[in-house]
Amino acid sequence: MAAQETVEHKYVYDFAEGNKDLKDLLGGKGANLAEMTNLGLPVPPGFTITTEACKAYLATGEEPDGLADQIAAHLASLERARGKRLGDPEDPLLVSVRSGAKFSMPGMMETVLNVGLNDRSVVGLSAQARAGGNQAGADRFAWDSYRRLIQMFGKTVCEVPGEEFEHALDDAKQAKGTRNDLDLDADDLRGLVDAYKKIFFKHTGREFPQEPREQLDLAIRAVFESWNAERAVLYRRQERIPADLGTAVNVVAMVFGNLGPDSGTGVAFTRDPASGAQGIYGDYLANAQGEDVVAGIRNTVPLQDLERLDKKSYDELLGIMARLEGHYKDLCDIEFTIERGKLWMLQTRVGKRTAAAAFVIAGQLVDEGLIDLDEALHRVNGAQLAQLMFPRFRLDHEFQPVAKGIGASPGAASGKVVFTSARAVELAAEGESVILVRRETNPDDLNGMIAAQGILTSRGGKTSHAAVVARGMGKTCVSGADEIDVNVPQRRFVVDGQTVNEGDIVSIDGTTGKVYLGEVPVMPSEVVQYFEGSLDPEHVDDALVRAVHRIMSHADARRRLAVRTNADTGADAARARRFGAEGIGLCRTEHMFLGDRRELVERLILARDNAEREAALAALLPLQRADFEEIFREMDGMPVTVRLIDPPLHEFLPPLEQLAVNVAVAQERGEDVAQEEALLAAVRRMHEENPMLGLRGVRLGLVIPGLFAMQVRAIAEAAVVVTRSGAVARPEIMVPLVGAVQELETVRAEAEKIIAEVVGDSGVEVLIGTMIEVPRAALTAGQIAEAAQFFSFGTNDLTQMGWGFSRDDVEGAFFWRYLELGIFGISPFESIDRDGVGRLVRIAAEEGRAARPELKLGVCGEHGGDPESVHFFHEVGLDYVSCSPFRVPVARLEAGRAAVETDGSDSR
């Protein structure tokens, strides 16, 4: 029984026991370390503690039974493999303890290097280095490693404020008269270790732990607990990563990049993560440990420089990069260390990339025969496509850059300079656009990075924390702009002799890396120009445009869902057609009644008798007919769903409070206010406490005789005029806010009489359906389908009524708190609530089709352009989605992806 229990609760895996497909259990880092080990690549030996162990620990606050013994067994195996013991005073084994969740969360969880060092083994480590040939720098290396352990362990495990260690390091450099930590010698670092120990004691009340196994156990627990750290929770929410996955912990034998000039550490990409271009991309830092590269402590050199510094390691690295990309069939992000000329692979993963790079790389991999077009479509998404449609800077001779860094994450961003995350969050909450400026960001800056339009750092490269996180979030980022002297305490930076204070405007170009003072105007992106037809993908030397065209063409070929647009004017309809819309799924007629026509609608609503009402309707009819003629011509041959008027009445009436004030003032002046008093009485009579649930939609059409009839006549007459002129009109009349079939039957009976009278032998066919936006309509869809030729789900109102939320009020009032507490992963107005509102959609679709198999089903709420929601609508069997014109390409792409991901022929 005991043996069986051990098998069932295996919490620790040697690298040789895993593979890349075990990410759920071993996390991404552990699974990929195992994969590289099995490929025979030079990976330091180590083991992975599973995500199951993490989840068990987080549930109880205690390590699960058997974990300590399994760690001890694997540690003993690691000691045998390296021929050293953890913390041995003569020849110590040191290990790193690293997090590793299923999904990459760069910098959000904890890492501790050099675990196993203490006051005795630091001497042994120096002897090791000296025996390995590092005669001059052995002592410096050992004490540098020890001070790093105390700093990382103190901050990570014991919550000692990290800035205290940084201040002590700055003091040591200042005393030495240098700004470079490499200028500190062994004696300086020995003194720094003493200073760090005092800081540790001050904040913890205990001496720095000298027992190596205690260091290891505490570090492992700290990594477990970092899964629920504030920044990790925030990052998961931002990236929509499930909160119940937990993190694995990787314990790896240390290899040292800080042993001297023949050692170093770096990060490499098999292709450019910013543009997708093929080549050699990455950063290298000689005589450094891995954290130095991402922390931006010193500016790195380009990876190409490694060829000059260590050609053997460089050639070996390029061979491994090519092998890994071929194996993973994707862009790989690689971390490596060189220890005295020996190359070690510390991590690989499918690399984060910009939206542009995602499309370009997917197209390249198809050309190289590594993936097919279905997989290429799977590799990109609608959120990335939306990013590519953002505008870019329109530059002329007036705008000269004041600095140039590394274009780490593309985009064009302008805003007020801020120097702290707190200030970024504060100003963004007030509606300001901000640029977060730092020497280099760290994981604690995540709140500010989310709030900012862009990020600018004076240190770091394409692999720094700022660059990696910005790319993952789709934020514009310029890193390593070392001409900028950032002074955070004084809230300013100096560049080219000019001082830029907090609140001043700057503009950053994440493609070129250029920084401009002031606000730079923007212009449409090349992707928008392609969709609008001004760029021919077959004859333009633009890898991105060609890749977007190729993948969009495949998405269109694969998708089942049609994509329509929400458009109320001919101009909107024309734009949507250029973007690939296949019809109009929502034409809001109430928008046509605003402006100059508002007075006519007001006269209609407040009419005292039939004569006044008929006069108002007669004036509105030709205006409505002209509106529909324009739209039908633009959508020649495509369906146009026209929603009959659906405003809350207050939108067309004078505000009650203002009207009452005006009447009172006029009375005080002794003016004749008979007409105004009559208007005030009528407005009071029709005033509603909750107009969104009041006299609107079908209710308004039934209460005000002739209103819907006028609209139906205008639609039918316009369709006949357009058809007889040689175009094809395909109108669909949608009755809004129906909650009972009897409402729809009443409207439809009147509408069919008018249509039959107007259409005659013109050949025009007019469909009549309804908007499913009231929960009762969804629950009685079988009955309503008997009277409807189509359903269109109005998910904005369905969400509002389903949740009992006023969408005009709640997002600013308390949604932030619901998101913070994890009640929502995302606003239900942004992405469909599958369990609640989505279930109403599913019920209505199934019961509607059961009653009327040919029933056409669509959606016209904002969710029609949301990538996640499009997949749901595909899944429940809708015929089309409808969204704003600029979201049409996003919906087309996601509809194709949804088809690929549910099709058995998917190559994956």
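Between the side chain of Thr723 and the backbone N or O of Val720 there is no donor-acceptor pair closer than 3.5 Å. His863 contributes a side-chain N or O that, together with a main-chain N or O of Pro828, makes up a donor-acceptor pair within less than 3.5 Å.
Judged as a salt bridge (charged side-chain N to carboxylate O under 4.0 Å, His left out), the pairs with a partner in residues 871-881 (not counting sequence neighbours) are, in order, Arg834-Glu875, Arg842-Glu875, Arg849-Asp879. The salt bridge (charged side-chain N to carboxylate O under 4.0 Å, His left out) contacts involving residues 764-789 comprise nothing, where partners must be two or more places apart or lie in separate chains.
The only member of Asp833, Leu878, Asp866, Val841 that meets side-chain contact (heavy atoms from CB on, under 4.5 Å) when paired with Phe872 is Val841.
Residues that satisfy the ring-ring contact (aromatic ring centres under 6.0 Å, His included) test with Phe805, not counting sequence neighbours, are Trp803, Phe814, Phe815. Shown here are the side-chain contact (heavy atoms from CB on, under 4.5 Å) partners of Ala576, two or more places apart in sequence or in another chain: Thr565, Ala581, Pro885. For the side-chain contact (heavy atoms from CB on, under 4.5 Å) test, residues two or more places apart in sequence or in another chain that qualify with Arg748 are Glu752, Ile768, Gln789, Arg852.
Under a 4.0 Å N-O distance rule, the pair Asp797/Arg696 qualifies as a salt bridge. Under a 4.0 Å N-O distance rule, the pair Arg588/Asp646 does not qualify as a salt bridge. Ion pairing of Asp556 with Arg559 is present here, as a side-chain N (NZ or NE/NH1/NH2) and a carboxylate O approach within less than 4.0 Å.
Taking SG from Cys860 and CG from Asn566, the interatomic distance works out to 6.0 Å, rounded to the nearest 0.5 Å. The CG atom of Leu779 sits 5.5 Å away from the CG atom of Leu840 when rounded to the nearest 0.5 Å. Residue Asp536 holds its CG atom at 13.0 Å from CD of Gln529, rounded to the nearest 0.5 Å. Atoms CD1 and NE2, from Ile551 and His378 in turn, are 12.5 Å apart once rounded to the nearest 0.5 Å.
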Should Thr641 and Arg564 be marked as a side-chain hydrogen bond (donor to acceptor under 3.5 Å, both in side chains) after you check the CA-CA gap, both sets of side-chain angles, and the distance that decides it?
-> CA-CA 10 Å; Thr641 303; Arg564 299 191 193 180; 2.9 Å; yes
Under 3.5 Å, which donor-acceptor pairs link side chains of residues 701-718 to any protein atom two or more places apart or in another chain?
residue: Gln711; atom: OE1; partner: Ile645; partner atom: N; Å: 2.9
residue: Gln711; atom: NE2; partner: Thr589; partner atom: OG1; Å: 3.0
residue: Gln711; atom: NE2; partner: Gln624; partner atom: OE1; Å: 3.0
residue: Arg713; atom: NH1; partner: Glu757; partner atom: OE2; Å: 3.2
residue: Arg713; atom: NH2; partner: Glu757; partner atom: OE1; Å: 3.4
residue: Arg713; atom: NH2; partner: Glu757; partner atom: OE2; Å: 3.4
residue: Glu717; atom: OE1; partner: Arg625; partner atom: NH1; Å: 2.5

